[in-house]
Peer 1: 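Let me give you the structure first, and then I'll get to my questions.
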Amino acid sequence: MFRKFYPKNYAESTYDINYQKLYQNGYRGIIFDIDNTLVEHGADANKKAIELFEQLKNIGFKACLISNNNEERVTRFNTDIKMPYIYNGKKPSSKNYIKAMEMMETNIDNTVFIGDQLFTDIYGANRIGMMNYAVKPISPKEEIQIVIKRKLEKIVYHFYFKHKKKNIVLIGFMGSGKTSVAKALAQKLDFNFLDTDLLIEEGEKTTINEIFSNKGPDYFRQLETDLLIELNSNIKKTVLSTGGGIILKKKNVKILKQTGKIIYLDASVETIIKRLDGDDTRPLLADENKEAKIQEILNDRISIYKNAADFTIDTNNKTIADIINIIIKQGGVS
Ligand code: S3P
């Protein structure tokens, strides 16, 4: 839905971009937005900005400024920079992106746009298929109409970063097939496979059963949260299988939503019983009447699973291959 606003690249600052590498990759022209991309909103060019344009010239780049701001603002900024410029640029309209390329004598394949606003700078570049970088705005102080846009940008960025990480998170009840499906899906997509239970067992050098009986469920749940925080900032292109109770903490669901696309593997009590036949590795199911216990826990959790998920699959009477095909075809995973 938001893809047209997704930048091709993201950098913390205009001054962090590796321009030498861009040149090596065949780019010859760079179009810059000014306010909050090169300097704070409304500010004159500073030493850093002047040096950047010197550096670009030395590398061999042509550059051009496009601002939606007025002539006074743009020419004032350009006093010491002395680059071709366009004011009242009306981004995201394509017209001035094209004009800037004409001014630099570059083309759509060797020009990059750098700007801080998704709905003007980046959307405009995407519309004409121009390579682009979104940069973090230099100053948090903004005009009121921009403050509102920033709130919307935050939503787009949330989905953008998730999409960029490409992780897939499987949630579901014990025995719903998360680990087997995750392993097979990771292989098919050439992704990494990780499993929270296995990582916790490795970290604690003991089994889940032992952790529950020696340290208690609260201790285990804290290990899950600590692990999710760590994984969230470190994994990409990973299929992550999670422990069945991970969704019990709202905080965990919030982290998982940032980590990747959440897929719920739904299974009936009968299916779960069949799949867990002879398995005694689940401390929560060490009950005389397993069926009643499964039903009771599932009743408590089913709406949490469904609400947390981006996509739910009914796994009853389906093979692992069936489930993977559904995830790939209908789950929007690639
Ligand atoms: C649990 C599920 C288990 C494991 C622990 C608690 C649960 O993981 O994390 O025994 O609360 O549902 P699996 O779902 O992989 O069995």
Side-chain angles (χ1 to χ4, degrees), residues 167-186 192-232 235 238-253 255-256 259-260 262-309 312-316 318 320 323-324 327:
N167 299 317
I168 299 161
V169 178
L170 300 187
I171 61 168
F173 203 80
M174 297 167 262
S176 59
K178 289 164 294 179
T179 306
S180 321
V181 171
K183 272 187 195 163
L185 183 62
N192 303 309
F193 156 76
L194 287 175
D195 180 304
T196 58
D197 283 342
L198 295 178
L199 288 170
I200 287 173
E201 288 187 332
E202 263 171 39
E204 294 291 293
K205 298 188 177 56
T206 183
T207 62
I208 303 276
N209 265 332
E210 290 293 321
I211 301 172
F212 267 76
S213 59
N214 294 337
K215 307 237 171 113
D218 290 350
Y219 178 84
F220 174 76
R221 297 295 177 209
Q222 190 53 47
L223 291 177
E224 284 187 316
T225 303
D226 294 344
L227 177 64
L228 290 188
I229 292 169
E230 195 192 319
L231 293 177
N232 186 33
I235 61 171
T238 296
V239 184
L240 177 68
S241 169
T242 59
I246 211 143
I247 42 72
L248 292 174
K249 275 198 202 171
K250 277 196 181 130
K251 183 176 177 180
N252 292 355
V253 173
I255 301 170
L256 288 174
T259 306
I262 304 182
I263 296 179
Y264 168 41
L265 303 188
D266 193 11
S268 66
V269 176
E270 299 72 56
T271 303
I272 293 166
I273 289 177
K274 242 191 274 165
R275 290 194 190 140
L276 290 181
D277 189 31
D279 186 315
D280 58 3
T281 60
R282 270 67 172 199
L284 295 181
L285 301 181
D287 202 274
E288 286 285 281
N289 189 345
K290 225 180 199 171
E291 182 171 346
K293 192 72 193 169
I294 292 172
Q295 186 70 69
E296 180 194 324
I297 307 178
L298 193 57
N299 284 349
D300 286 345
R301 290 184 184 174
I302 191 134
S303 64
I304 311 181
Y305 286 129
K306 288 192 172 161
N307 286 331
T312 295
I313 298 183
D314 174 1
T315 66
N316 297 301
K318 293 196 178 77
I320 291 176
I323 298 167
I324 287 175
I327 294 179

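All ligand and atom numbering here is 1-based and tracks the order in the structure. Counting begins at 1 with the first residue of the sequence. The model shown is predicted, which means the values in this text are computed figures rather than measured ones.
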Peer 1: Any side-chain heavy-atom pair from Glu204 and Lys215 closer than 4.5 angstrom?
Peer 2: yes
Peer 1: Checking the N or O distance criterion of under 3.5 Å, is ligand 1 in contact with Gly244?
Peer 2: yes
Peer 1: Identify the closest protein heavy atom to atom 12 (O) of ligand 1: which residue and atom is it, and at what distance?
Peer 2: Arg301 NH1, 2.7 Å
Peer 1: Among all protein heavy atoms, pick the one closest to atom 7 (C) of ligand 1 and tell me residue, atom and distance.
Peer 2: Gly245 N, 3.2 Å
Peer 1: How far is atom 15 (O) of ligand 1 from the closest protein heavy atom, and which atom is that?
Peer 2: Asp197 OD2, 2.9 Å
Peer 1: Does the distance from a Lys or Arg side-chain N to an Asp or Glu carboxylate O, for Arg282 and Asp279, drop under 4.0 Å?
Peer 2: yes
Peer 1: With heavy atoms under 4.0 Å as the rule, classify the contact between Asp195 and ligand 1 as side chain, backbone, both or neither.
Peer 2: neither
Peer 1: Looking only at protein heavy atoms, identify the closest one to atom 5 (C) of ligand 1 and say how far it is in Å.
Peer 2: Ile208 CG2, 3.8 Å
Peer 1: Distance under 4.0 Å to a non-hydrogen atom of Phe220: what atoms of ligand 1 satisfy this?
Peer 2: 9 (O)
Peer 1: Can a donor-acceptor pair be found between the side chains of Gln222 and Asp218 at a distance below 3.5 Å?
Peer 2: no
Peer 1: Testing the 3.5 Å rule here: is there a donor-acceptor pair between the side chains of Thr259 and Asn167?
Peer 2: no
Peer 1: Taking only heavy atoms of Leu284, which atoms of ligand 1 are found under 4.0 Å from at least one of them?
Peer 2: 7 (C), 11 (O)
Peer 1: Can you report which non-hydrogen protein atom sits closest to atom 16 (O) of ligand 1, along with the distance?
Peer 2: Arg282 NE, 2.6 Å
Peer 1: Any chance you could measure Phe220, atom CZ, to Ile246, atom CD1, to the nearest 0.5 Å?
Peer 2: 7.0 Å
Peer 1: Name the residue from Lys249, Lys251, Glu230 that meets the side chain to side chain donor-acceptor pair (under 3.5 Å) definition with Thr225.
Peer 2: Lys249
Peer 1: Looking only at side-chain N and O atoms, does Thr312 offer a donor or acceptor that is under 3.5 Å from a partner on Asp266?
Peer 2: no
Peer 1: Side chain, backbone, both or neither: which applies to Glu201 and ligand 1 if a contact is any heavy-atom pair less than 4.0 Å apart?
Peer 2: neither
Peer 1: Using the side chain to side chain contact (heavy atoms under 4.5 Å, CB included) rule, pick out the option among Asn289, Ile273, Asn299 that qualifies with Ile294.
Peer 2: Ile273
Peer 1: Considering non-hydrogen atoms of the protein only, which is the closest contact for atom 14 (O) of ligand 1, and what is the distance?
Peer 2: Lys178 NZ, 2.5 Å
